[in-house]
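Chain letters run A, B, ... following the sequence lines, proteins first, then strands; residues in each count from 1.
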Protein chains: 2
Amino acid sequence: MNRDEILQYSQTVCDGLRDDDDGVRREVLAHAGSRWSLGVVHTLGVYGRLRHAEIGRRMHGVTQRMLTLTLRQLERDGLVLRHDFEEVPPRVEYELTDMGMELLVRMVPLWTWIVGNADRFREARQDFDSRHRHTGA
Amino acid sequence: MNRDEILQYSQTVCDGLRDDDDGVRREVLAHAGSRWSLGVVHTLGVYGRLRHAEIGRRMHGVTQRMLTLTLRQLERDGLVLRHDFEEVPPRVEYELTDMGMELLVRMVPLWTWIVGNADRFREARQDFDSRHRHTGA
DNA sequence: CAGTATCCTTGCGGATACTG
DNA sequence: CAGTATCCGCAAGGATACTG
């Protein structure tokens with residue numbers, strides 16, 4: 001895929017961005033990039049059906065609150081399914097929907113690329129910072 | 001690419017998420033999903049080199065401030081190049097770096113998918129909301 | 001034209017404590 | 001166990017005015 005093909009192809013992006021700017025789409029994108037979503041989607045993708053605490057244990061640093069919020073968000077977006085067994089003590093399991101899986105498929109290349117280029121990012125950042133520290137001159 | 005291949009592949013995601021949680025990577029991902037970044041990257045991708053005001057004109061609703069901030073962010077991440085001609089009146093042009101182009105390549109499939117599935121998102125959201133309006137019962 | 005500077009609101013996300 | 005409830009700091013992002 002060369003530069004021109006990309007540009008042709010990315011007209012779709014253009015169309016998507018133009019009309020209905022404050023629609024669902026932008027929200028979904030924002031959700032996908034938010035603090036814990038990718039981690040949750042990935043964890044559920046890899047391990048399948050998991051309970052609340054199991055997800056939490058597999059993700060470093062997430063609080064109960066944020067995990068719940070993230071899961072609700074993903075559920076609302078149709079990316080995660082919530083099975084409440086309505087037992088006592090409570091038992092709830094989460095799993096990816098097909099849509100969630102599809103999202104994961106699209107996120108993986110992006111994320112892989114980001115991870116693989118972390119050094120270039122750091123480098124660029126250092127350049128920028130040094131250029132801007134001393135009045136840019 | 002089937003489910004299993006995805007899961008294998010997405011170990012990369014896992015690794016990337018684990019160590020160095022608050023590193024550059026997560027920031028880049030967040031930036032990519034932030035309010036105006038995708039629009040700017042796409043605009044520069046499609047139209048090539050543009051001046052500040054030209055970008056602004058092609059993007060609906062962005063303020064001068066947010067455009068500047070977004071551009072700085074992208075410049076700092078090494079995704080956008082800034083050419084200041086140091087003239088009076090000022091003349092500054094922006095263009096994508098190769099890295100910026102590479103990001104765009106990874107964003108397009110994701111965004112295309114989101115746009116193409118907007119209806120499914122809306123649907124899921126309505127389901128969710130109606131299920132939760134009346135006490136879920 | 002291409003920004004700064006300033007002010008302000010909103011809401012994300014963390015910490016902690018509590019409950020059916 | 002799987003959540004709520006509450007409080008809080010901070011930073012994103014918008015509106016507006018000003019400047020070299």
Side-chain angles (χ1 to χ4, degrees), chain A residues 21-22 26-40 43-44 49-77 80-95 128 131-132 135-137, chain B residues 21-22 26-40 43-44 49-77 80-95 128 131-132 135-137:
Chain A
D21 187 45
D22 282 9
R26 190 156 272 302
E27 278 183 53
V28 173
L29 181 61
H31 295 167
S34 74
R35 189 84 183 78
W36 302 108
S37 304
L38 181 54
V40 170
T43 304
L44 290 178
R49 240 189 217 222
L50 288 180
R51 305 180 62 170
H52 183 106
E54 291 173 331
I55 304 174
R57 244 172 276 130
R58 286 172 216 283
M59 295 183 43
H60 187 67
V62 68
T63 61
Q64 281 192 332
R65 190 180 105 96
M66 287 319 294
L67 183 53
T68 305
L69 285 180
T70 305
L71 284 166
R72 285 277 181 291
Q73 191 87 90
L74 293 172
E75 194 196 348
R76 194 166 119 94
D77 286 346
V80 157
L81 220 57
R82 196 186 110 109
H83 306 276
D84 189 341
F85 292 87
E86 316 222 345
E87 296 175 356
V88 171
R91 181 155 161 259
V92 180
E93 289 180 357
Y94 295 91
E95 70 176 337
F128 181 92
R131 260 183 291 123
H132 285 254
T135 335
Chain B
D21 187 45
D22 280 11
R26 189 156 274 302
E27 279 182 53
V28 173
L29 181 61
H31 294 168
S34 74
R35 190 82 184 80
W36 302 107
S37 304
L38 180 55
V40 171
T43 304
L44 289 178
R49 239 187 215 225
L50 288 181
R51 305 180 62 170
H52 184 107
E54 291 173 332
I55 304 173
R57 245 172 275 130
R58 284 171 165 73
M59 295 182 45
H60 188 67
V62 69
T63 61
Q64 280 192 331
R65 190 181 106 95
M66 287 320 294
L67 184 52
T68 303
L69 286 179
T70 305
L71 284 167
R72 285 276 181 291
Q73 191 87 92
L74 294 172
E75 194 196 348
R76 194 166 119 93
D77 286 346
V80 156
L81 221 57
R82 197 187 108 109
H83 306 277
D84 189 341
F85 292 86
E86 316 222 347
E87 295 175 359
V88 173
R91 182 155 160 259
V92 180
E93 289 181 358
Y94 295 91
E95 70 176 336
F128 181 91
R131 259 184 291 122
H132 285 254
T135 335

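- Computed from coordinates, the A:H83 NE2 to D:dC1 C1' distance equals 18 Å when rounded to whole Å.
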B/S/- along nucleotides 13-20 of chain C (protein heavy atoms under 4.0 Å) is BBB----B

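- For the pair A:R82 and D:dG3, the criterion of a side-chain N or O lying under 4.0 Å from OP1 or OP2 is met.
- The separation between B:R26 atom CZ and C:dC12 atom C1' is 14 Å, rounded to whole Å.
- For B:E93 and C:dA2, the CD to P distance is 9 Å, given to the nearest whole Å.
- Whole-Å rounding puts the A:H132 NE2 to C:dT4 C1' distance at 15 Å.
- Across all strands, A:Y94 comes closer than 4.0 Å only to sugar-phosphate atoms, never to a base (heavy-atom distances).
- Of the candidates C:dC1, D:dT4, D:dA2, the closest approach to any side-chain atom of A:R72 belongs to D:dT4.
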Intra- and inter-strand pairing of DNA chain C, written as dot-bracket with Watson-Crick and G-U pairs under 3.5 Å and | for the latter, reads ||||||||||||||||||||

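- The structure places NE2 of B:H52 at 4.0 Å from CG of B:L67, a figure rounded to the nearest 0.5 Å.
- Scanning both residues, A:D84 and A:R91, for their nearest heavy atoms gives OD1-O, 3.8 Å.
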Apply the test side-chain hydrogen bond (donor to acceptor under 3.5 Å, both in side chains) to residues B:H83 and B:R49: give CA-CA distance (whole Å), side-chain angles for both, the deciding distance (0.1 Å), then the verdict. CA-CA 10 Å; B:H83 306 277; B:R49 239 187 215 225; 3.2 Å; yes

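- Atom pair A:E87:CD and D:dG3:C1' shows a separation of 16 Å (rounding to whole Å applied).
- A straight line from CG of B:L67 to P of D:dG14 spans 12 Å, rounded to a whole angstrom.
- When rounded to the nearest whole Å, the span between CG of A:L71 and P of D:dT4 equals 11 Å.
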Test log, rule side chain to side chain contact (heavy atoms under 4.5 Å, CB included), inputs A:F85 and A:E93: CA-CA 8 Å; A:F85 292 87; A:E93 289 180 357; 3.8 Å; yes

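- Considering all non-hydrogen atoms of both residues, A:R51 and A:P90 come closest at NH2-O, 3.3 Å.
- Here the C1' atom of nucleotide D:dG13 and the CD atom of A:E27 are 16 Å apart, to the nearest Å.
- A search for salt bridge (Lys or Arg N to Asp or Glu O under 4.0 Å) contacts involving A:R57 returns nothing, not counting sequence neighbours.
- Judged by closest nucleotide on DNA chain D, A:H52 is the one of A:H52 and B:Q73 placed further toward the 5' end.
- To the nearest 0.5 Å, the span separating CD on A:E75 from OH on A:Y94 amounts to 7.0 Å.
- Of all non-hydrogen atoms in B:M66 and B:V62, the two that sit nearest each other are CB-CG2, 4.1 Å.
- Nearest heavy-atom pair across A:S37 and A:A32 is CB-O, 4.3 Å.
- Of the candidate nucleotides C:dC1, C:dG3, D:dA2, C:dG3 has the atom nearest to the side chain of B:V92.
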